[in-house]
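Since the model is a prediction, treat every value here as computed from it, not as a measurement. Residue numbers start from 1 in every chain, and the chains themselves are labelled A, B, ... in the order their sequence lines are given, proteins ahead of strands.
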There are 2 protein chains.
Amino acid sequence: MAEIDKIDRKILSILQGDGRIANVELAERIGLSPTSVGERLKRLQRDGFVEGYGARLNPHRLGLGLLVFVEVLLDKTTPDVFERFAKAVQTAPEVLECHMVAGGFDYLVKARVANMTAYRRFLGETLLALPGVRETRTYAVMEEVKRDAPLPVG
Amino acid sequence: MAEIDKIDRKILSILQGDGRIANVELAERIGLSPTSVGERLKRLQRDGFVEGYGARLNPHRLGLGLLVFVEVLLDKTTPDVFERFAKAVQTAPEVLECHMVAGGFDYLVKARVANMTAYRRFLGETLLALPGVRETRTYAVMEEVKRDAPLPVG
DNA sequence: AACTGATCCTTATTTTCTAAGGCAAATCTG
DNA sequence: CAGATTTGCCTTAGAAAATAAGGATCAGTT
């Protein structure tokens with residue numbers, strides 16, 4: 001059920017780079033018939049290797065020019081801080097990722113906003129408004145050296 | 001050329017969530033004919049709003065169970081450190097993202113590896129092997145609270 | 001008032017997907 | 001070890017979707 005061979009990996013790799021490739025062309029590149037590739041892909045989806053497909057949008061083109069990372073420290077004396085913080089983060093559209101980390105702080109938040117003005121608003125009205133947030137450290141991204149690389153499949 | 005109306009945003013939003021939706025169904029959801037939606041989409045791609053499509057793979061299913069963030073400080077006395085670091089990062093498959101940030105350190109690296117053993121190897125053989133790397137701070141992710149949320153388009 | 005460009009439509013052709021059925025090799029089982 | 005089952009692949013045919021062509025309408029412009 002969780003077996004995955006070299007052909008499967010190749011399918012995943014190609015699909016990760018071009019999620020809209022026609023099954024016919026994918027089959028050509030793999031060296032199998034379209035039907036076989038289709039069956040493999042169906043299995044890969046059923047078994048949870050492929051979670052979905054999405055268009056990759058250009059954030060700058062959409063007016064989201066500023067990428068920031070925020071380290072968040074919570075006040076552990078407040079009850080339910082973690083649950084409440086996690087829930088609030090889900091509903092904030094600016095937050096693209098949020099991870100609980102081991103180390104000097106509690107959460108690492110990745111967010112995209114239009115500019116510094118928008119960020120100040122987001123920080124004040126969303127992040128700092130949450131109860132239990134003790135401290136935040138903001139790191140504004142000056143240059144995106146590597147962005148959303150594909151997972152190493154092969 | 002860079003105009004984008006409400007319909008365009010809806011197209012982008014739907015496509016971001018389901019990049020493989022049939023144009024026919026997309027058109028139904030939008031309320032236009034398939035041809036019109038196709039033309040809009042073509043324009044959105046030509047103008048750089050859509051950069052591509054990709055399958056969303058499950059990293060855990062692929063044996064990449066550990067997500068880490070690494071803060072990297074460079075030794076600015078070494079020449080070309082920034083260029084060399086940036087280039088090395090591109091070729092490392094473990095590195096999913098790398099950003100130059102303003103603040104207490106120089107680069108923030110997001111990487112996925114199988115486990116702590118693999119991470120130690122990556123840290124020693126890839127990151128610390130680079131000339132000019134003065135200090136690194138590793139933050140292992142314990143829980144992924146929010147993962148790869150769609151960009152706020154609407 | 002005529003032109004231009006943008007946006008949308010319908011229609012017809014080509015391409016792709018999908019489901020059905022079959023073959024052969026590998027694997028399981030008594 | 002022989003028979004049965006499963007697995008993975010194939011071809012084929014009908015259904016669905018993408019694409020290209022041609023035309024109508026409307027807003028802004030000369």
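The separation between B:Lys42 atom NZ and D:dA20 atom P is 5 Å, rounded to whole Å. Taking atom OH of residue B:Tyr53 and atom P of nucleotide D:dA18, one finds them 11 Å apart after rounding to whole Å. In this entry the distance linking CG of B:Asn23 with P of D:dA18 reads 5 Å, nearest Å. For B:Leu41 and C:dT7, the CG to P distance is 14 Å, given to the nearest whole Å. With rounding to whole Å, A:Leu32 atom CG is found 9 Å from D:dG8 atom C1'. In this structure, A:Ile30 places its CD1 atom 17 Å from C1' of D:dC10, rounding to the nearest Å. Straight-line distance from the CG atom of A:Asp47 to the C1' atom of D:dT7: 14 Å, rounded to whole Å. Atom CD in B:Glu39 sits roughly 12 Å away from atom C1' in D:dG23 (whole-Å rounding).
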Is there a side chain to side chain donor-acceptor pair (under 3.5 Å) between B:Glu143 and A:Tyr107? Walk through the geometry before answering. CA-CA 9 Å; B:Glu143 189 195 341; A:Tyr107 284 102; 5.3 Å; no

Test salt bridge (Lys or Arg N to Asp or Glu O under 4.0 Å) applied to B:Arg56 and B:Asp148, step by step: CA-CA 10 Å; B:Arg56 281 189 294 266; B:Asp148 272 311; over 6 Å; no

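Counting atom types as modelled, B:Thr35 pairs no side-chain N or O with a base atom of D:dT19 as donor and acceptor under 3.5 Å.
One N or O on the side chain of A:Arg61 and one on the backbone of B:Asp47 form a donor-acceptor pair closer than 3.5 Å. The backbone N or O of A:Ser36 lies less than 3.5 Å from a partner atom in the side chain of A:Ser33, making a donor-acceptor pair. The main-chain N or O of A:Val89 is found under 3.5 Å from a side-chain atom of B:Lys146 such that the two form a donor-acceptor pair.
For B:Ser36, no side-chain nitrogen or oxygen approaches OP1 or OP2 of C:dT7 to under 4.0 Å. Considering only side-chain N and O atoms, B:Arg43 lies nowhere under 4.0 angstrom from the phosphate OP1 or OP2 of C:dA6. Checking the phosphate oxygens (OP1, OP2) of C:dC8, no side-chain nitrogen or oxygen of B:Ser33 falls inside 4.0 Å.
DNA chain D is contacted by both B:Val24 and A:Val37; A:Val37 maps to the nucleotide lying nearer its 5′ end (nearest heavy atom per residue). Both A:Pro34 and B:Pro34 lie close to DNA chain D; mapped to their nearest nucleotides by heavy-atom distance, the more 5′-ward contact belongs to A:Pro34.
With B:Lys110 as the fixed residue, the salt bridge (charged side-chain N to carboxylate O under 4.0 Å, His left out) test singles out one of B:Glu97, B:Glu71, B:Glu144: B:Glu97.
Taking CZ of A:Phe49 as the reference point, atom CG of B:Leu62 lies at 6.5 Å (rounded to 0.5 Å).
Nearest to the side chain of B:Arg40, among D:dC9, C:dT16, C:dT7, sits C:dT7.
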Treat a base pair as Watson-Crick or G-U wobble with both distances under 3.5 Å, then lay out DNA chain D in dot-bracket form, 5' to 3', with | for cross-strand pairs. ||||||||||||||||||||||||||||||

